[in-house]
There are 2 protein chains.
Amino acid sequence: MGTGNMDTTARKVDTVNMVEGPGAARRYHHGNLRAALIDTAVDQARAGGADAVVLRDAARRTGVSHNAAYRHFADRDDLLAEVSSRGMAELEQRMRDRLADLPADDHGRPAAARLRAVGREYVHFALAEPGLFATAFACGRPEEGAPGQGPYGVLSTVLDEMVSAGELPAERRPGADLTCWAAVHGFAVLCLQGPLQELSEQEREAQLDGLLERVARGL
Amino acid sequence: MGTGNMDTTARKVDTVNMVEGPGAARRYHHGNLRAALIDTAVDQARAGGADAVVLRDAARRTGVSHNAAYRHFADRDDLLAEVSSRGMAELEQRMRDRLADLPADDHGRPAAARLRAVGREYVHFALAEPGLFATAFACGRPEEGAPGQGPYGVLSTVLDEMVSAGELPAERRPGADLTCWAAVHGFAVLCLQGPLQELSEQEREAQLDGLLERVARGL
DNA sequence: GTGTCCATGTTGCCGGTGCCCACATCGGCG
DNA sequence: CGCCGATGTGGGCACCGGCAACATGGACAC
């Protein structure tokens, strides 16, 4: 078991969806199956959440027989974990992109604005990619990783910036990350699968603004 | 379809687990199958979350053939919705119980203490009954019901009390419920399936205290 | 060049599930 | 007393996750 140690940053061979014309010699060995399967599984997760990640169907779509997947993943959960990592990475990237978009000449309380932007993007990602977002957290494994990485790392960094900028007393820093994360995550979950589904986009955005404001005030 | 209109507040006949001794005449008609199936399904959800709610197994445990369930539920989702309602009801009840436990002679800011108690119990329930809690929110249907009912209703009432008691400016009331709910729900979810699983109970409680304090401060 | 080995992919199979069908049973009604 | 509709039964289908045995062919030693 534990076959999943191929180089994750694999060469981006476009082996997926090779045109299988009559003359095209179909290779017996796929060459990049693991990565291709993960791509397909991510698509499944995007479309329907964790439950939609189905090994047999993924293999079928990838043009390979079922059971081929078991050469690269111990079981379905192993594949799900990979999808979860992808989801986390994409969420983190979007948050970082959003930060990069912020104008540098922000007057007033720039670090606080960064915190708001990060929180808003967290929710926006969850609403834009509900399936992937849910799958990212559906994985039971605690997502081991260097602290300071992942979405939590981004949030943490921004809070540290607030302390440096004098916008947050240092003695209030411990625990602040968790409060921000919980509020934003809870809002996203309640919007997705909870009782806030019916909110119009405008209402949602207004409520989100209110939430971010209150959270920042309470830090 | 839509057979699910039996009186939900059904008589509590103890038809489950009847001793089927050799002399006990086993009735062809169960008499209370719907309620018994829901009970079993709730047990399944308690044990393993929404995925553990399995129609065939529930029927088996209830001592009835599969397919019998389809006389009472349109499909699995229909049964899940019922489990969800049960979970919501139990959560609400625990919150109300907790409120009732509070001493009436609370000095200082009694309504704020009630808010903290409600929030704490929300998280405690989620941690004590992770499967049922998850299933309660896993149901896609927006949980139609009179506003002011359910866990949200309890929270809402307490916030109204805070306004009446002068502990919360009326202009800050709108949106406060959502912020509280999101923070507490997010904390619970992150503890259950997220990256906060590894926290010891003491750390968790400390973080929860901090969160409740910050949220209250930001209201 | 050639022969071997083993990672990779294939077919076959099993138990389990959700859901549909036709049939069996029984209680209440005329 | 006889019928009928509500309730429960058995069988069947498609699909899934996971094991086992077999097939393929690329890489590497010689």
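A, B, ... follow the sequence lines: proteins, then strands. Residue 1 opens every chain.
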Distance test, side-chain N/O of A:Ser65 to OP1/OP2 of C:dG9, below 4.0 Å: no
Rounded to whole Å, CG of B:Leu55 lies from P of C:dC20 at a distance of 11 Å
I need the CG-C1' distance between A:Leu80 and D:dC16, as an integer number of Å. 14 Å
Apply side chain to side chain donor-acceptor pair (under 3.5 Å) to B:Arg46 and list each qualifying residue two or more places apart in sequence or on a separate chain. B:Glu90, B:Glu129
Euclidean distance, atom CG of residue B:Leu79 to atom C1' of C:dC19 [Å, nearest integer]: 14 Å
Could you list the residues that satisfy ring pair (Phe, Tyr, Trp, His ring centres under 6.0 Å) with A:Phe137, not counting sequence neighbours? A:Phe133, A:His185
Check side chain to side chain donor-acceptor pair (under 3.5 Å) between B:Arg56 and all other residues, then give those that pass, not counting sequence neighbours. none
Integer-rounded Å distance: D:dT7 P and B:Leu37 CG: 13 Å
Quick one: which residue pairs count as a salt bridge (Lys or Arg N to Asp or Glu O under 4.0 Å) with a foot in residues 180-192 of chain A, not counting sequence neighbours? none
Could you tell me how far apart B:Arg61 (CZ) and C:dT17 (P) are, to the nearest whole angstrom? 10 Å
Between C1' of C:dT17 and CZ of A:Arg76, the distance in whole Å: 14 Å
Ignoring backbone atoms, establish whether A:Arg60 has a side-chain N or O less than 4.0 Å from OP1 or OP2 of D:dC16. yes
Between the protein and nucleotides 19-22 of chain D, list every N/O to N/O distance that falls short of 3.5 Å.
{"from": "D:dC19", "atom 1": "N4", "to": "A:Asn67", "atom 2": "OD1", "distance (Å)": "2.6"}
{"from": "D:dC19", "atom 1": "N4", "to": "A:Asn67", "atom 2": "ND2", "distance (Å)": "2.3"}
{"from": "D:dA20", "atom 1": "N6", "to": "A:Asn67", "atom 2": "ND2", "distance (Å)": "3.2"}

My understanding is that only residues two or more places apart in sequence, or in another chain, count here; which of them pass side chain to side chain donor-acceptor pair (under 3.5 Å) with A:Asp209? A:Arg120
With side-chain hydrogen bond (donor to acceptor under 3.5 Å, both in side chains) as the criterion, how do B:His124 and B:Glu205 come out once you've worked through the C-alpha distance, each side chain's angles and the decisive distance to 0.1 Å? CA-CA 9 Å; B:His124 284 174; B:Glu205 218 60 28; 2.5 Å; yes
With sequence neighbours left out, what residues match B:Ala216 under side chain to side chain contact (heavy atoms under 4.5 Å, CB included)? none
In whole angstrom, what separates B:Asp75's CG from C:dC19's P? 5 Å
Residues two or more places apart in sequence or in another chain: which of them pass side chain to side chain contact (heavy atoms under 4.5 Å, CB included) with A:Ala50? A:Leu80, A:Thr135, A:Ala138
Are there any protein N/O atoms within less than 3.5 Å of an N/O atom in nucleotides 4-7 of chain C, and if so, which ones and at what distance?
none

Taking DNA chain D as the partner, which of residues 47-54 of chain A come within under 4.0 angstrom of it by heavy atom? A:Val53, A:Val54
Would you kindly give the CZ-to-P distance between B:Arg34 and D:dG8, to the nearest whole Å? 12 Å
What nucleic acid atoms does B:Arg56 come within less than 4.0 Å of, heavy atoms only: base, sugar-phosphate, or nothing? base
Can you sort out the partners of B:Asp160 under side chain to side chain donor-acceptor pair (under 3.5 Å), two or more places apart, ordered by chain and number? B:Arg173
For B:Cys191 and B:Leu196, which heavy atoms make the closest approach, and how far apart are they? CA-CB, 3.7 Å
Would you please name every residue forming a side chain to side chain contact (heavy atoms under 4.5 Å, CB included) with A:Ala41, sequence neighbours left out? A:Gln44, A:Val53, A:Leu79, A:Val83
